Amino acid sequence: NGGASGSDGSGDLPLGSYVVLRADDGHRATRTEASAAEYTVVLLHGWLQDLGCLLTLGKRLRDRRHADVLLVDFYAHGDSPALRGVRMHTVDALVMQVRRIVEHIGWRDRSIVLGGVSLGASVAVHYAHIF
């Protein structure tokens, strides 16, 4: 398990809160040798939810499919801060939040499986279109 919040210095917007579940920390992992994850998954929650609503699914994907999983708290959700202005809270801002976190954790060049609920599904579709 891992997690972080704060700014990465690449702009005025914070990264926000997120959790990374590493495949090698799961039940299928052997402690003698690390291996590459079979999948890289980003799970995105819905409106008025937080990453906790997808945490059980994320752990199952990690354990049963040997996946690295990223869960994100969108701005103004869970442990992520609200942005300065209410009009700053757009799908595009959330897409960029996810992208900045993906880059911050070193997944920029990975093929990513996106999953989302409600607002998270919209962000996932927009992310896939842009990146």
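Note that this is a predicted model, so its numbers are computed, not measured.
Using a distance-only test at 3.5 Å, with no hydrogens or angles considered, no donor-acceptor pair links the side chain of His66 to the main chain of Tyr39. Judged by distance alone, the side chain of Ser17 and the main-chain N or O of Asp73 form no donor-acceptor pair under 3.5 Å.
Here the shortest heavy-atom pairing between His77 and Leu48 reads NE2-N, 3.3 Å. In plain terms, the two heavy atoms of Gly58 and Leu21 that are nearest each other are C-CD1, 3.5 Å. Residue Gly16 comes nearest to Pro81 through the heavy atom pair CA-CD, 4.2 Å, listed as atom of the first residue, atom of the second, then distance. The two residues Ser118 and Gly46 come nearest to each other via the heavy atoms CB-CA, 3.9 Å.
If you chain together hydrophobic residues whose side chains sit under 4.5 Å apart, Val125 and Ile130 never meet in one group. A single hydrophobic cluster is seen to contain both Val91 and Val72, as judged by linkage of ILVMFWY side chains at heavy-atom distances under 4.5 Å, directly or through other members.
His126 is not listed as a side-chain neighbour of His129, based on a closest heavy-atom distance of 4.5 Å or more. Here the side chains of Val41 and Asp68 are not in contact, with every heavy-atom distance at 4.5 Å or above. When side chains are defined from C-beta on, Phe74 does not count as touching Gln49, because their heavy atoms never get closer than 4.5 Å. Put simply, the side chain of Leu43 does not reach to within 4.5 Å of the side chain of Leu70, judged on heavy atoms. For the pair Thr40/Val113, no side-chain contact is recorded, criterion being any heavy-atom separation below 4.5 Å from C-beta on. Looking at Val95 and Phe131, their side chains come closer than 4.5 Å, going by heavy atoms from C-beta outward. Between Leu119 and His45, every side-chain heavy-atom pair lies at or beyond the 4.5 Å cut-off.
Here the CZ atom belonging to Arg100 is positioned 5.0 Å from the CG atom belonging to Leu15, to the nearest 0.5 angstrom. Atom OG1 of residue Thr90 and atom CD of residue Gln97 lie 11.0 Å apart, to the nearest 0.5 angstrom. To the nearest 0.5 angstrom, Asp24 atom CG is 10.5 Å from Arg62 atom CZ.
Between His89 and Tyr75, the two ring planes are perpendicular [angle over 60°; tilted spans 30° to 60°].
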Checking Met88 against Leu13 for the side-chain contact (heavy atoms from CB on, under 4.5 Å) test, could you report, in this order, the C-alpha distance in whole Å, the side-chain angles of both residues, the deciding distance, and whether it holds? CA-CA 10 Å; Met88 294 176 72; Leu13 299 180; 3.7 Å; yes
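Enclosure of atom CZ in Arg108 is not indicated, since only 12 or fewer non-hydrogen atoms of other residues, nucleotides or ligands lie within 6.0 angstrom.
Of the candidates Val42, Val102, Leu44, Tyr127 forms a side-chain contact (heavy atoms from CB on, under 4.5 Å) with just one, namely Val102.
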